[in-house]
Amino acid sequence: MEFAPFDSSTATDADYAAIAEMRARMHAVDRVGSPLPTLATTLELMTKQDAAALARRNFWLARDDSGRLVGFGTVSFPEQENTETAFVSLEVDLGRRREGIGTAFLKAVLPAVQAAGRTRVMAMNVTTDGSDGERFAVELGAVCTLPGLMQTLEVPSVDRALWDVPAPDGYRLQGWSGAAPEELMASYTVARNAIADKPAQASDWEEMEWTPERIREDEASFAASGQDYRIAIAVHEATGEVAGFTEIVVRPSAPELAQQIDTAVLKVHRGHGLGRAIKAEMMRRLMAERPEVEQVATTTAADNSYMIAVNHSIGYTDARGLGHFEVAVDDLAARLGS
Ligand SMILES: CC(C)(COP(=O)(O)OP(=O)(O)OC[C@H]1O[C@@H](n2cnc3c(N)ncnc32)[C@H](O)[C@@H]1OP(=O)(O)O)[C@@H](O)C(=O)NCCC(=O)NCCS
């Protein structure tokens with residue numbers, strides 16, 4: 001068995017095709033309800049910087065003694081917030097599980113995590129509900145610190161009348177793709193930081209601290225990678241302040257899929273139906289400008305009942321449970337005998 005960092009400089013089209021096929025096979029079982037990886041999305045994931053990712057990803061491959069691909073891993077080290085944490089994700093091919101490959105893979109990755117000075121490993125969005133990933137994580141001493149729910153909105157079958165949501169009295173709805181209008185930047189920045197109020201449960205997760213400069217950098221990075229980064233907001237008319245926002249991204253490799261990023265309403269403006277209004281505004285704009293989108297996917301903390309209900313009210317249905325699992329690096333090393 002060999003576990004090695006993926007080297008894009010020597011990778012061939014056949015390598016990417018094999019990775020895409022293996023991941024599609026696994027995701028059909030492990031991530032029911034999510035779109036399957038394709039060659040295009042795999043190439044984009046592995047060769048382009050993803051502006052929605054929280055850190056640059058390092059990819060790892062596992063091959064058996066005959067050179068056959070049997071596993072895929074991702075390790076990343078966030079540099080601004082969550083600098084104690086390494087994000088690690090491992091996938092072992094169907095039919096090759098419970099042979100110890102996942103454990104050996106983790107042992108191979110651990111020195112890079114330790115060398116980066118990280119004290120905590122986090123596996124994000126692991127399917128729960130008794131999945132292989134959940135059982136493996138628990139066996140290795142990881143704890144689910146942020147149980148969540150994935151919901152999807154299936155555009156071909158949704159009742160679009162659910163999006164006929166007017167702006168609540170005293171607010172107007174607005175939206176854009178790309179860069180925020182300069183005149184809104186100050187209050188838009190305040191609204192972006194309202195995401196820090198969302199339930200964090202047992203996790204020490206640090207939200208990004210937004211500044212106008214950082215928002216501009218983020219917008220530029222979406223644009224540079226050809227991603228359609230779309231925002232809908234509610235503006236409080238009496239003050240001109242941004243009261244809430246919701247953001248999604250559509251990647252060039254999968255124009256039929258939209259991924260929800262953050263949604264937040266400032267505390268003082270909660271209770272007026274703004275969450276529903278901005279999400280409905282987003283869907284109306286998305287359909288007018290990107291009618292090819294067939295599915296929108298979102299993940300929400302399991303105890304965020306308000307957001308989950310808002311999503312139901314505009315046509316999302318529940319796809320599966322998932323969660324962020326965390327373990328201290330020292331505990332993991334001890335468990336692995338490293
Ligand atoms: C999680 C995953 C990588 C584990 O790979 P693996 O090669 O099967 O893992 P291992 O063989 O090293 O398993 C180690 C131990 O974890 C536990 N374990 C793993 N899968 C389990 C399952 N389905 N049920 C119960 N226990 C399980 C067992 O204790 C196992 O030891 P044992 O087989 O001697 O009893 C694999 O199941 C997978 O790819 N799942 C989908 C992706 C995913 O959810 N990844 C999340 C982790 S980031």
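FYI, the numbering just counts along the sequence from 1. Ligands are counted one by one from 1 in listed order, and the atoms in each one are counted from 1 as well.
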Is the charged tip of Arg118 near the ring of Phe77: under 6.0 Å from the six-membered ring centre and within 45° of its axis?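 Negative - Arg118 is either too far from the ring of Phe77 or too far off its axis.
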So, is the end of the Arg214 side chain (NZ or CZ) under 6.0 Å from the ring centre of Trp210 and within 45° of the ring's axis?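 Here Arg214 passes the 6.0 Å and 45° test against Trp210.
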[atom]: which protein heavy atom is closest, and how many Å away?
atom                    : answer
atom 45 (N) of ligand 1 : Leu90 O, 2.9 Å
atom 13 (O) of ligand 1 : Phe136 CD1, 3.7 Å
atom 15 (C) of ligand 1 : Glu139 CG, 3.7 Å
atom 39 (O) of ligand 1 : Val92 N, 2.6 Å
atom 44 (O) of ligand 1 : Gly133 CA, 3.2 Å

Could you tell me if [Y] and [X] have a donor-acceptor pair between their side chains, going purely by distance under 3.5 Å?
X      : Y      : value
Ser221 : Asp218 : no
Asp228 : Ser177 : yes
Glu91  : Ser89  : no
Arg320 : Thr127 : yes
Glu241 : Ser187 : no
Gln174 : Trp176 : no

Decide whether the shortest distance between a heavy atom of [X] and an atom of ligand 1 is less than 4.0 Å.
X      : value
Ala137 : no
Gly100 : yes
Thr127 : no

Check the angle between the aromatic planes of His272 and Tyr171 and answer parallel, tilted or perpendicular using the 30° and 60° thresholds.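 Correct class here is tilted.
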Please state whether the rings of Tyr229 and Phe222 are parallel, tilted or perpendicular, taking 30° and 60° as the class boundaries.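 If you compare the ring of Tyr229 with that of Phe222, the planes turn out parallel.
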Take Ser313 and Arg276 through the test side chain to side chain donor-acceptor pair (under 3.5 Å) and record every step on the way to the result. CA-CA 7 Å; Ser313 76; Arg276 183 162 172 234; 3.2 Å; yes
Any residue meeting side-chain contact (heavy atoms from CB on, under 4.5 Å) with Gln151, in chain and number order, not counting sequence neighbours: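 Gln151 satisfies side-chain contact (heavy atoms from CB on, under 4.5 Å) with Leu149, Thr298, Thr300, Ile308, Asn311, His312, Tyr316, Asp318 only.
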Can you sort out which atoms of ligand 1 are near [X], meaning under 4.0 Å from one of its heavy atoms?
X      : result
Glu99  : 11 (O)
Thr103 : 10 (P), 12 (O), 13 (O), 14 (C)
Gly102 : 5 (O), 6 (P), 7 (O), 9 (O), 12 (O)

For atom 30 (C) of ligand 1, the option (of Glu91, Arg98, Arg23) bearing the nearest heavy atom: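 The option holding the nearest heavy atom is Arg98.
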Residue selection (non-hydrogen contact nearest atom 25 (C) of ligand 1) among His27, Arg135, Met124, Lys107: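 Checking each option, the heavy atom nearest atom 25 (C) of ligand 1 is found in Arg135.
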Does the N or O separation between Val126 and ligand 1 drop below 3.5 Å for any pair?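 No - when backbone and side-chain N and O of Val126 are compared with those of ligand 1, no distance drops under 3.5 Å.
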When you compare ligand 1 with Asp132, is there at least one nitrogen or oxygen pair between them that comes in under 3.5 angstrom?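 In this structure, Asp132 places an N or O atom under 3.5 Å from an N or O of ligand 1.
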Between [X] and ligand 1, find which residue part has any heavy-atom pair under 4.0 Å and reply side chain, backbone, both or neither.
X     : answer
Arg97 : both
Asp30 : side chain
Met26 : neither

Atom 34 (O) of ligand 1 touched by protein (heavy atom, under 4.0 Å):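 It does not: no protein heavy atom is found less than 4.0 Å away from atom 34 (O) of ligand 1.
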